[in-house]
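The structure appears right after this line, and notes come after that.
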Amino acid sequence: MLLDLLDRAAAERERQALVRSRRLAHSPCSVRQAVAPVSSATPGGACHPQPLLSFSSNDYLGLANHPGIVAAFAEGAMRWGAGSGASHLVSGHALPHRQLEQRLADWYRPYIPRARALLFCSGYMANVGVLTALGSADATLFCETLNHASLIDGARLARAAVQRYPHRDVAALDAALAACNSPLKLIVTDAVFSMDGAIAPLGELLELAERHDAWLIVDDAHGFGVLGRQGRGVPEHLGLASRRLIHIGTLGKAAGVSGAFVAAHETIVEHLINTARTYIFTTASPPAAANALLASLELIEGSEGQQRRHALQQRVGELRAGLVPLLARQVADGRQAWQLADSITAIQPLIVGDNAVALALSRQLEEQAGIRVGAIRPPTVPEGTARLRITLSAEHGQDDVRQLVAALRKAAAGRAAP
Ligand SMILES: Cc1ncc(COP(=O)(O)O)c(C=O)c1O
C-alpha cells in the first residue's frame with residue numbers, strides 16, 4: 001500500500017518534471033568543482049566526475065575552502081576534538097561557541113540595543129526555534145508570501161495565528177497590522193529572498209513595527225557577509241536600528257562553514273535559551289566549526305572581505321550587463337521572454353516559467369558548456385515560475401561570467417520562434 005502510493009507520487013513527479021536528485025561532488029566547494037554528471041545521479045548510473053564551472057552554490061565570498069578558515073577548523077579540531085558531545089544546555093557549550101556568540105553580539109549591538117547572540121546548528125533550526133518560541137498562542141505571525149521553507153515550517157509549528165501578506169506589500173501589511181488585536185504581533189520575512197535575490201523593504205517594515213507595537217523577525221541568510229561595508233548584512237546595509245529587530249543570520253553560506261545565529265535584545269535571547277526546542281534538544285555543533293567561524297568573521301569584516309564583496313558586485317554588474325540586452329532581443333523577436341529577476345545581490349535568477357524548460361536548460365548548460373546552474377521548480381518557487389538560480393561568487397572571474405552569458409546566448413538562439 002505505502003509503496004504503491006509512493007510509486008504513484010513518483011510517477012506524478014516525473015510527469016511534471018519535478019523529480020529532484022542529488023549530485024555528487026568529487027572536490028571541495030568551489031566555482032570550479034568536479035561533479036558527477038547528471039546521468040550518474042540516478043542509482044546505478046556511471047560516475048565519471050567532470051570539472052564544471054559552477055554558478056550554483058551559496059558560497060558567495062568563496063570562503064568554504066579558504067585556507068585560513070580551513071586551518072582554523074583543523075586547529076579547532078586538534079584542540080577541541082571532533083564533536084561537542086551534548087547539547088549546549090547539557091555539557092556541549094564550549095569556549096569557541098561563547099567567543100563566537102560574543103563576537104556576533106558585538107557586530108549587532110550598533111543595530112539592536114542590548115543585543116546578545118545565540119548559536120543554532122543551522123538556519124532551518126534557528127528559524128523554527130525562534131518562531132515556535134516566540135509565536136505563543138496569543139501572538140499573530142505576519143508572514144511574507146515568499147518566505148523560505150524554514151520560516152513557513154516554523155510558522156506552521158508555532159501556536160500563534162498566522163496571516164500571510166503579499167510579497168513586499170507594505171500597505172497590505174500595514175492594514176493587516178491595524179486590524180489585528182493580538183497582544184503580540186510578529187512580522188516575519190526573508191531579508192534577501194532566496195529564490196529572487198530581491199531585498200525586503202525592511203526600513204518600512206521596521207517603521208510599521210514601531211507604529212503597530214510589533215516586532216520584526218528578519219532572516220538574513222543571503223545578506224550576511226555580503227551586504228554592508230563590513231558584511232554585517234541588511235542591518236548595516238540599510239542602517240536599521242531598533243530593539244524591535246530580531247535578526248537571524250546563517251553561517252553556512254557567505255561565512256563558508258555551517259550553523260546560524262540569532263541576534264536580539266538580551267531578554268529575547270534568554271527566552272530562546274530556555275524555550276527554543278531546536279536549541280535545547282539537539283547536540284551543539286562542533287567547537288571546531290565555531291573556531292573556523294571566528295576566523296571567517298575576522299576575514300569578512302576586514303579588508304579581504306571588502307575586496308571580496310567588491311569583486312562580487314563587479315560580477316553582478318557584468319552578468320546583468322550581458323543578460324539584459326539578450327533578454328530585450330527575445331522580446332523584440334516576439335518570443336516569450338525569459339526574465340532576469342530585479343536583484344542587486346549575488347542571487348540572479350533567470351525565470352523561464354516551465355519546469356521542463358528550466359530542467360532542459362540546466363542540462364544543456366552542463367552538457368554543452370560545462371556550466372552548472374540549478375533548475376529551481378515548484379514548490380520551492382510558485383507554479384509557472386521555474387528558473388535557473390544563478391548565484392555569483394567573489395571567486396568568479398570576469399571570464400567565467402562571459403562564459404555563462406555566451407552559453408545562455410547560444411541556448412536562447414536555439415529556442416524555437418513562436
Ligand atoms: C532564506 C533562508 N533561510 C534559511 C535557510 C536555512 O539555512 P541553513 O542552510 O543554515 O539551514 C536557507 C537555506 O537555504 C535560506 O535560503
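First listed ligand is number 1; within each ligand, the first listed atom is number 1. All of these numbers come straight from a predicted model, not from anything done at the bench.
For Tyr108 and Phe261, the distance between ring centers is under 6.0 angstrom. Here the two rings, on Trp107 and Phe224, have centers that are under 6.0 Å apart. Phe193 has its ring centre no less than 6.0 Å from the ring centre of His222.
In this structure, Gly252 falls outside the shell of residues with a heavy atom less than 4.0 angstrom from ligand 1. Ligand 1 is never approached by Met125 to a heavy-atom distance shorter than 4.0 Å.
Near Ala221, with a cut-off below 4.0 Å to any heavy atom, the atoms of ligand 1 are 1 (C), 2 (C), 3 (N), 15 (C). The Asn127 neighbourhood of ligand 1 comprises atoms 3 (N), 4 (C), with distances under 4.0 Å to a heavy atom of that residue. Listed by number with element, the atoms of ligand 1 under 4.0 angstrom from any heavy atom of Ser194 are 16 (O).
Looking only at heavy atoms of the protein, atom 16 (O) of ligand 1 is closest to His222 NE2, 2.6 Å. Looking only at protein heavy atoms, the nearest one to atom 5 (C) of ligand 1 is His148 CE1, 3.4 Å. Closest to atom 10 (O) of ligand 1 among all protein heavy atoms lies Gly123 N, 2.7 Å. The protein non-hydrogen atom at the shortest distance from atom 13 (C) of ligand 1 is Lys253 NZ, 2.6 Å. Counting protein heavy atoms only, atom 6 (C) of ligand 1 is closest to Tyr124 N, 3.5 Å.
Polar contact check, Asp219 against ligand 1: a nitrogen or oxygen pair lies under 3.5 Å apart.
Under the 4.0 Å criterion applied to side-chain N and carboxylate O atoms, Arg32 and Glu395 are not assigned as salt-bridge partners. Between Glu266 and Arg243 no salt bridge is recorded (no basic side-chain N to carboxylate O distance below 4.0 Å).
No more than 12 heavy atoms of other residues, nucleotides or ligands sit less than 6.0 Å from atom CD of Glu14.
Neither the backbone nor the side chain of Leu151 comes within contact range of ligand 1; no heavy atom lies under 4.0 Å. When heavy-atom distances to ligand 1 are checked against a 4.0 Å cut-off, Ser122 comes that close through both its backbone and its side chain.
Every residue two or more places apart in sequence or in another chain that forms a side-chain contact (heavy atoms from CB on, under 4.5 Å) with Asn274 is listed here: Glu270.
Shown here for Ile273 and Leu89, the closest heavy-atom pair between the two residues is O-CD1, 3.5 Å.
Arg372 CZ to Ser362 OG: the interatomic distance, rounded to the nearest 0.5 Å, is 8.0 Å.
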